[in-house]
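These notes concern the structure reproduced below.
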2 protein chains.
Amino acid sequence: MADAKLDTQVRREQIAEAALSLVASQGLRRLSVAAVARRVGLVPSGIYRHFKNKDEILDAVLDRVELRLLANVQASRQAHADPLACLKDVVMRHIRFLREGKVISVPRMIFSEDTHGDHPERKRRILGVFSKYMEQIGEVVQLGQQQGRIRPELEVQAITMMLFGIIVPAGILWHLTDGGFDVTRHAQRGWKMLLSAIEPPVPSKTRKK
Amino acid sequence: MADAKLDTQVRREQIAEAALSLVASQGLRRLSVAAVARRVGLVPSGIYRHFKNKDEILDAVLDRVELRLLANVQASRQAHADPLACLKDVVMRHIRFLREGKVISVPRMIFSEDTHGDHPERKRRILGVFSKYMEQIGEVVQLGQQQGRIRPELEVQAITMMLFGIIVPAGILWHLTDGGFDVTRHAQRGWKMLLSAIEPPVPSKTRKK
DNA sequence: CATCATTGTGAATATATAATCACAATGGAG
DNA sequence: CTCCATTGTGATTATATATTCACAATGATG
């Protein structure tokens, strides 16, 4: 069935990518070893040549999700020197990837009990991913506060959570409506409202985004 | 094993309540017919005397969730004539129920593919529950706009989504940290920020909540 | 070419859980 | 009390999916 034998490094890559892709499009419930195998072009038992079990595959998927989430924040930071522009970009970038099916929304990972139903340590793992993500965003917020672009009296965590509160419902509605919900508009509106809450009353610059 | 035979109405009530309770504490993945039966005090096959299949049980759970969510909004509306106080109460009440395990956070229902994995109509059902919930909240927002308590230029949906954006991450973090996250503080901060975004610049009343 | 390690296949096994089936027990009606 | 409808039990079946196992095939090396 397989075209040829491939090195385990290559197969692992294929398998992890196939799994991530399947999860993004169909959710974790539908992720079966058989589905992954089909996608890669192997028979199901062939998967076990490269991954010890399904849990290992899920771990690999999680690694990828983490990389992508953090890469998103990094990309935004590099594209925008201005903290506010950067934060907005984090949101919009996430939305774009959501639309393109290139990222699994965090809640989807969290509440898919297939991910960590019987594995408390994976729950911790997810919490870790989330924490890192929030931390990265928090650094941008802090920068903004130091530069007078963001109200200094607001707590960093509160701001990052509000940002998260824009991203998450987007994923939820996108998922619920099978892509029918206008997540871009939602994000723009949400950002605008958040901005009015976090921007200092006296604009430190005439720039009004 | 059962103490006595009970009328199917009574059993259906018990079964639905047991299922809801189990879902709230353990998630949907762990909801098995056997677990529900144990909780009620029957053997697993006895459940099928009262519910056709597991799907019917899940539908009953969803009904209950809907009732509770909407009852929460109603309760807040009746307790507070002021729209802003009402909205705040919706959030805080939800948080309280979350803490007490009396409500399943909506994302948990949505992203638990056990709920609707193979049932598109149940996904629609959930979307319907969510839409009703948002509608009810939206009515309060509209009232607030008519009364000059909330900026009239902001779109109702944007505001309700921001409110949702406070509630949802609370559920997520509560779940991820096994109740370790301070959801009350999160909600209070989030509400405060949202308030500064939606409250008109010139207070129509000296009341500052 | 032969050898060998690694990868792939197809059949079989293991497991958890939903659901069926046939018999038992309960409780109400006559 | 008997009868009957309904509810409860315990054994069995069905099903989906993860995983193991034994053999086959590939590709690199000497």
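We name chains A, B, ... by the order of the sequence lines, and we start the count at 1 in each one.
- Taking a 6.0 Å sphere around CD of A:Gln9, one finds it holds 12 or fewer heavy atoms contributed by other residues, nucleotides or ligands.
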Give each protein N/O atom lying under 3.5 Å from an N/O atom of nucleotides 15-19 of chain D, with the pair distance.
unit_1	atom_1	unit_2	atom_2	d
D:dA18	OP1	A:Val33	N	3.2
D:dA18	OP1	A:Lys54	NZ	3.0
D:dA18	OP2	A:Val33	N	3.1
D:dT19	OP2	A:Tyr48	OH	3.0
D:dT19	OP2	A:Lys54	N	2.8

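- Between B:Gln9 atom CD and D:dT6 atom P the separation is 13 Å, expressed in whole Å.
- A salt bridge links A:Asp59 with A:Arg122: the distance from a Lys NZ or Arg NE/NH1/NH2 to an Asp or Glu carboxylate oxygen falls below 4.0 Å.
- Rounded to whole angstrom, the span from the CZ atom of B:Phe51 across to the P atom of D:dT6 amounts to 18 Å.
- To the nearest angstrom, P of C:dA18 lies 8 Å from CD1 of B:Ile57.
- Within the nucleic acid shown, B:Leu6 comes within 4.0 Å of sugar-phosphate atoms alone, with no base atom in reach, counting heavy atoms only.
- When the C1' atom of C:dT7 is taken as reference, atom CZ of A:Arg12 falls 14 Å away, rounded to whole Å.
- For B:Glu13 and B:Arg64, the salt-bridge test passes: some basic side-chain N is under 4.0 Å from an acidic carboxylate O.
- Residues meeting the side-chain contact (heavy atoms from CB on, under 4.5 Å) test with A:Gln188, sequence neighbours left out: A:Met92, A:Thr184.
- Distance CG (B:Asp7) to P (C:dT26): 17 Å, rounded to an integer number of Å.
- Using a cut-off of 4.0 Å between Lys/Arg side-chain N and Asp/Glu carboxylate O, B:Asp82 and B:Lys88 are scored as not salt-bridged.
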Protein-nucleotides 24-29 of chain D N/O pairs under 3.5 Å:
unit_1	atom_1	unit_2	atom_2	d
D:dT26	O2	A:Lys5	NZ	2.4

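- When the side-chain contact (heavy atoms from CB on, under 4.5 Å) test is applied to A:Glu56, the partners found at least two apart in sequence or on another chain are A:Arg12, A:Phe51, A:Lys52, A:Asn53.
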Please determine whether salt bridge (charged side-chain N to carboxylate O under 4.0 Å, His left out) holds for the pair B:Arg125 and B:Asp63, giving the CA-CA distance in whole Å, both sets of side-chain angles, and the decisive distance to 0.1 Å.
CA-CA 10 Å; B:Arg125 177 81 220 285; B:Asp63 287 342; 2.9 Å; yes

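- Residues that satisfy the side chain to side chain donor-acceptor pair (under 3.5 Å) test with B:Thr177, not counting sequence neighbours, are absent from this structure.
- In this structure, of C:dT9, D:dT7, C:dT7, it is C:dT9 that holds the atom nearest to the side chain of A:Val43.
- When the side-chain nitrogen and oxygen atoms of B:His50 are compared with OP1 and OP2 of D:dG8, one or more of them lie within a distance under 4.0 Å.
- A:Asp178 is linked by a side-chain contact (heavy atoms from CB on, under 4.5 Å) to B:Lys123, counting only residues two or more places apart in sequence or in another chain.
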